[in-house]
Amino acid sequence: MARVPIQIGPKEFDTKTAAKTFCRELIKRYEDSVVIVGMDDLFLRDLVAIHPEAKQKVGGGIAHFTIQLDPEWRTTRHLVIVRLDGSATDVSFHICIDGSNDRRDVFHGLRRAIVSQIVAYKTAAYVGDNLPICPYTGAILSFSDGHIDHAPPNTFLTLATGWMQANGWSLGDVALVDNADNQWCRQMRDSKQEASWRTYHREHASLRVISRLANLSHVKRTARSVNQA
C-alpha cells in the first residue's frame with residue numbers, strides 16, 4: 001500500500017503514523033498543566049486547524065495548550081485547549097489526523113457505559129495480599145500497573161458486536177450524545193439502550209488483569225498467534 005503523506009501547517013509527514021508519533025513525543029515533553037510554548041505551540045495550532053470540529057474547539061480563540069490526565073480512566077494524557085475566555089476543552093490528535101470516525105465513537109461510548117463494571121472488577125482483584133500476575137509477561141502487577149482486559153474469545157469487540165446483533169442493531173442504531181467540551185469520550189444517549197448493553201456485558205464478559213505492556217502492545221496478539229499455531 002502506498003504511503004499517504006499528511007501536511008500539518010508547514011510540516012509534512014510521510015505517513016499518518018509518523019504524524020501521530022510526533023504528537024506523542026510532543027506530549028511526553030511536557031508535565032501535566034504546563035503551558036506548551038514555542039514551536040510546539042505553533043504546531044498544535046496548525047494541528048487543531050485540521051480537526052473536523054475546529055471551529056467548535058477553538059471557540060473565541062486559543063490562549064495556549066496544556067496536557068491533562070483524563071479524569072475518567074486516568075490512564076491517558078490528553079491535549080487540552082485553554083481558550084482566551086478561560087474555558088477549556090480536550091482535543092484528540094488522532095481525530096485531527098484521521099478525521100471523524102463513527103465506528104470509533106460508538107465503541108468509545110460503549111466502553112464508557114461499562115466503566116463502573118471495570119472499576120469494580122479491578123478493585124475486587126486487589127483485595128487481599130496476593131497481587132495479580134500478568135498471564136503474558138509473568139510480571140506481578142501493582143494497582144497502577146494493572147490494566148483490565150476482556151479475555152478471548154469474548155473480547156470487547158466480540159461482545160459489542162454480539163450485543164448489537166442480538167438486538168438487531170447496527171452501529172448507526174447506537175445513539176450518542178452530541179459532542180461537547182471536555183467530553184473525553186462519547187456517551188450513549190438512550191438510557192434503555194445503555195442499560196441493555198450493561199446487562200449484556202455483565203452477563204458475558206470475562207475480565208482479567210494484565211500488564212500495561214501486554215495491553216498496549218502486540219504482546220497479546222503475538223501470544224495468541226503462538227498458541228494457535
Side-chain angles (χ1 to χ4, degrees), residues 3-101 104-105 107-108 111-112 115 122 134 136-137 139 141-149 179-186 210-221:
R3 292 185 176 183
V4 179
I6 180 172
Q7 187 86 25
I8 302 176
K11 194 169 186 64
E12 182 172 314
F13 298 91
D14 291 338
T15 63
K16 288 184 177 181
T17 298
K20 292 175 184 177
T21 298
F22 182 88
C23 292
R24 291 189 188 94
E25 293 302 317
L26 187 156
I27 289 172
K28 288 179 182 179
R29 289 198 290 272
Y30 293 86
E31 298 293 332
D32 291 356
S33 301
V34 172
V35 174
I36 297 174
V37 297
M39 295 301 295
D40 290 340
D41 173 82
L42 295 177
F43 170 79
L44 292 178
R45 290 173 189 267
D46 290 331
L47 179 68
V48 171
I50 62 174
H51 192 287
E53 297 176 357
K55 185 176 180 180
Q56 177 181 333
K57 291 293 183 182
V58 171
I62 298 173
H64 62 266
F65 296 88
T66 187
I67 309 297
Q68 181 180 335
L69 187 67
D70 78 89
E72 188 163 42
W73 295 98
R74 301 196 66 78
T75 57
T76 307
R77 301 174 73 233
H78 293 266
L79 284 168
V80 173
I81 296 172
V82 179
R83 302 189 183 100
L84 293 172
D85 63 5
S87 64
T89 187
D90 66 300
V91 60
S92 167
F93 68 79
H94 290 280
I95 294 178
C96 291
I97 295 169
D98 292 329
S100 298
N101 186 315
R104 176 188 58 212
D105 287 347
F107 285 124
H108 281 179
R111 283 189 182 278
R112 180 165 185 160
V115 166
K122 185 173 184 179
C134 177
Y136 293 106
T137 66
L141 304 175
S142 67
F143 189 86
S144 60
D145 291 334
H147 283 212
I148 306 305
D149 175 59
N179 276 322
D181 284 354
N182 301 310
Q183 197 176 75
W184 302 103
C185 177
R186 296 297 295 275
I210 64 175
S211 67
R212 175 182 174 84
L213 172 64
N215 198 37
L216 302 182
S217 71
H218 298 294
V219 173
K220 286 195 295 181
R221 186 173 63 185

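Just so you know, these numbers use all the heavy atoms, side chains as well, and skip hydrogens, waters and symmetry mates. Positions are given from 1 along the sequence.
- Using a 4.5 Å heavy-atom cutoff, the side chains of Q68 and D90 are not in contact.
- One finds the OG1 atom of T21 at 14.0 Å from the NZ atom of K16 (value rounded to the nearest 0.5 Å).
- Looking at heavy atoms from C-beta onward, L26 lies in side-chain contact with L44 at the 4.5 angstrom threshold.
- Rounding to the nearest 0.5 Å gives a distance of 7.0 Å between CD1 of I95 and NZ of K57.
- A 4.5 Å side-chain heavy-atom check between F65 and I81 finds at least one atom pair inside the cut-off.
- Counting heavy-atom neighbours within 6.0 Å of D32 CG, excluding the residue itself, gives a total above 12.
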> Which is it for L47 and I97 under the side-chain contact (heavy atoms from CB on, under 4.5 Å) test, yes or no, and what are the steps along the way?
Replying inline: CA-CA 8 Å; L47 179 68; I97 295 169; 4.1 Å; yes
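- Going from atom NE2 of H147 over to atom SG of C134 covers 10.5 Å, rounded to the nearest 0.5 Å.
- Contact annotation: the side chain of I36 approaches that of I67 to within less than 4.5 Å [non-hydrogen atoms, C-beta and beyond].
- Between A54 and V48, the shortest heavy-atom contact is CB-O, 3.3 Å.
- The closest side-chain heavy-atom distance from T89 to R83 is below 4.5 Å.
- Put simply, OG1 on T15 and NZ on K20 are 9.0 Å apart, with the number rounded to the nearest 0.5 Å.
- Proximity of a side-chain donor or acceptor of E53 to a complementary backbone N or O of K55 within less than 3.5 Å is not detected.
- Contact detail for K28 and R77: the closest heavy-atom pair is CA-NH1, 4.2 Å.
- A 4.5 Å side-chain heavy-atom check between I27 and H78 finds every atom pair outside the cut-off.
- For the pair K122 (side chain) and I148 (backbone), a donor-acceptor distance under 3.5 Å is absent.
- Summarising the geometry of A19 relative to I6, their closest heavy-atom pair is CB-CG2, 3.9 Å, with the distance given to 0.1 Å.
- Shortest non-hydrogen contact noted between R104 and D98 is NH1-CB, 4.3 Å.
- With a 4.5 Å cut-off on side-chain heavy atoms, R112 and H108 do not count as touching.
- When side chains are defined from C-beta on, P10 counts as touching D46, because their heavy atoms get closer than 4.5 Å.
- Among residue pairs with one or both ends in residues 13-33, those qualifying as ring pair (Phe, Tyr, Trp, His ring centres under 6.0 Å) are F13-F22, F22-F43; sequence neighbours excluded.
- In this structure, CG on L79 lies 7.0 Å from SG on C23, to the nearest 0.5 angstrom.
- To the nearest 0.5 Å, atom CG of residue N215 and atom CD1 of residue I210 are 4.0 Å apart.
- The existence of a salt bridge linking D40 and R29 is confirmed by a sub-4.0 Å separation between a basic side-chain nitrogen and an acidic carboxylate oxygen.
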